[in-house]
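Everything on this sheet refers to the single structure shown next.
Below, read A as the first sequence line, B as the second, and so on, with proteins coming before strands; counting in each chain starts at 1. Heavy atoms only: backbone and side chains are in, while hydrogens, waters and symmetry mates are out.
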Number of protein chains: 2
Amino acid sequence: LIKLVNVHKTYRMGDSIVRALDGVTMDIERGEIIAIMGPSGSGKSTLMNVLGALDRPTKGQYYMDGEDVSGLTDNELARIRNEHIGFVFQSFNLLKRTSAIENVELPLVYAGARNRRERALEALEQVKLGDRSTHKPNELSGGEQQRVAVARAIVTDPDIIMADEPTGNLDSKVSNEIMELFWEFNQDGKTIILVTHEDTIAAFAGRIVQLLDGKIISDTRQTPK
Amino acid sequence: LIKLVNVHKTYRMGDSIVRALDGVTMDIERGEIIAIMGPSGSGKSTLMNVLGALDRPTKGQYYMDGEDVSGLTDNELARIRNEHIGFVFQSFNLLKRTSAIENVELPLVYAGARNRRERALEALEQVKLGDRSTHKPNELSGGEQQRVAVARAIVTDPDIIMADEPTGNLDSKVSNEIMELFWEFNQDGKTIILVTHEDTIAAFAGRIVQLLDGKIISDTRQTPK
Ligand SMILES: Nc1ncnc2c1ncn2[C@@H]1O[C@H](COP(=O)(O)OP(=O)(O)OP(=O)(O)O)[C@@H](O)[C@H]1O
Ligand SMILES: Nc1ncnc2c1ncn2[C@@H]1O[C@H](COP(=O)(O)OP(=O)(O)OP(=O)(O)O)[C@@H](O)[C@H]1O
Ligand SMILES: [Mg+2]
Ligand SMILES: [Mg+2]
């Protein structure tokens with residue numbers, strides 16, 4: 001489904017270089033649940049942004065369904081994302097002046113889908129926020145904003161869900177509810193790629209990829225849950 | 001040191017009412033380490049904002065050192081905060097167009113302190129970010145931004161540190177380093193008030209306050225660590 005070959009992401013800051021990704025090669029099959037782990041600053045979000053086609057590598061190739069995406073325009077990449085990927089950002093990335101339900105409707109607007117309001121409310125109810133749909137992000141708690149971001153990622157029923165630290169601000173009960181939701185999606189054949197620093201969340205995955213200083217230091221399969 | 005009496009914080013949204021705090025009474029002694037816990041949306045951040053004099057209650061009294069702060073102007077509250085409290089926000093609240101070191105220097109600028117650059121760099125080194133001092137927030141990982149927020153809270157050497165989910169984006173090694181830092185501050189007689197949903201972090205506290213739907217449902221002392 002997704003193939004990375006020797007991907008590098010390098011930032012030049014004045015006279016120093018930051019190697020956020022320093023040669024990453026990995027294959028992801030359809031229907032996997034993968035947990036990406038590693039210390040703070042090790043390159044997890046940078047890797048997720050490359051996997052989600054939100055950021056282009058400095059070097060190396062990225063194949064989606066066998067096609068090299070480096071040749072695609074930004075518009076074509078946005079269309080692939082909107083049709084196939086649901087992305088949960090570590091910093092939520094909600095529109096500040098817009099209500100929760102309008103934030104969740106946004107991917108449906110881009111896709112030209114119908115029944116947007118109903119589908120958005122259903123996604124909010126799946127993350128237990130049906131009674132906060134009119135609140136703007138600054139009228140929501142941190143964990144509630146995070147759940148709106150999860151609802152926005154699942155509302156288009158995407159093939160692949162990429163979630164960067166989806167439970168960082170949530171208590172264990174709500175965290176479990178979000179993971180159960182992802183688990184159900186996976187039972188329907190969807191691919192789930194998660195970044196987490198919590199072992200209890202990684203336990204849901206069938207595969208754990210450990211990053212350190214922009215490199216994969218281990219990639220192991222395990223029996224989930 | 002701090003006393004809350006029957007504090008309420010109520011938001012009116014159209015024709016519905018959100019009772020973020022629904023009658024909270026608590027005393028905090030100098031030198032305590034307190035962990036405030038509870039489900040997502042239970043009122044933890046709202047309580048922290050009232051304790052940090054960042055937000056006024058809708059009803060009820062707030063006493064700092066025996067003085068009722070409701071009679072103070074916003075400027076006087078800002079001065080008390082700058083002189084006595086270091087606050088770590090759940091959403092970091094860093095200035096986006098400013099480097100890490102300039103963000104950490106900011107409280108020292110307000111206080112008219114000397115040796116600002118040196119003290120700011122030292123605070124960044126205490127959270128292991130000495131080599132990222134020139135990065136702006138969008139050039140830092142989530143956990144690195146969180147650590148800049150911690151450095152900014154400790155740089156003025158405040159009597160009281162209030163930290164809202166200070167380790168939500170951090171792996172366990174860096175989380176422990178931040179908690180060890182708070183522990184050292186407490187050994188120096190400083191008061192630490194934390195919001196967390198992680199039991200491993202709450203274990204450092206001598207007292208745990210549990211919130212549910214804006215009310216304190218338990219307030220228990222324990223042996224820390
Ligand atoms: N400005 C506001 N207007 C309306 N409702 C608000 C506002 N701010 C917060 N709320 C509501 O008040 C409740 C408490 O919010 P608060 O941020 O204190 O929760 P919390 O315990 O910190 O949650 P989390 O663990 O998710 O950060 C939430 O349900 C939230 O929706
Ligand atoms: N735009 C940028 N310019 C310079 N350096 C950057 C930039 N973005 C990220 N970095 C650096 O790249 C490294 C990897 O960042 P990344 O966000 O991928 O880490 P992470 O593993 O997600 O960390 P965390 O767990 O704290 O979220 C960090 O050390 C960060 O300082
Ligand atoms: Mg990250
Ligand atoms: Mg909160």
Handout entry: When Q146(A), E144(A), M13(A) are compared by non-hydrogen pairs under 4.5 Å with chain B, the top option
Key = M13(A)
Practice task
Identify which of H135(B), E165(B), M37(B) forms the greatest number of heavy-atom pairs closer than 4.5 Å to chain A.
Solution key: H135(B)
Handout entry: Greatest number of heavy atom pairs closer than 4.5 Å to chain A - which of S45(B), S172(B), G168(B), S175(B)
Key = G168(B)
Problem - pair I161(A)-T191(A): side-chain heavy atoms closer than 4.5 Å - result: no
Fill in the blank from the handout: In terms of heavy-atom pairs under 4.5 Å with chain A, the winner among S141(B), S40(B), G43(B) is S40(B)
Problem - Student check: side-chain heavy atoms of L54(A) and R81(A) closer than 4.5 Å - result: yes
Handout entry: Short side-chain donor-acceptor distance under 3.5 Å, T167(B) and E198(B)
Key = yes
Practice task
Tell me, yes or no, whether the heavy-atom count around D157(A) atom CG, taken from other residues, nucleotides or ligands under 6.0 Å, exceeds 12.
Solution key: yes
Handout entry: Main-chain N/O of G38(B) paired with D171(A) side-chain donor or acceptor, under 3.5 Å
Key = no
Problem - Proximal component of E139(A), with respect to chain B [non-hydrogen, under 4.5 Å] - result: side chain
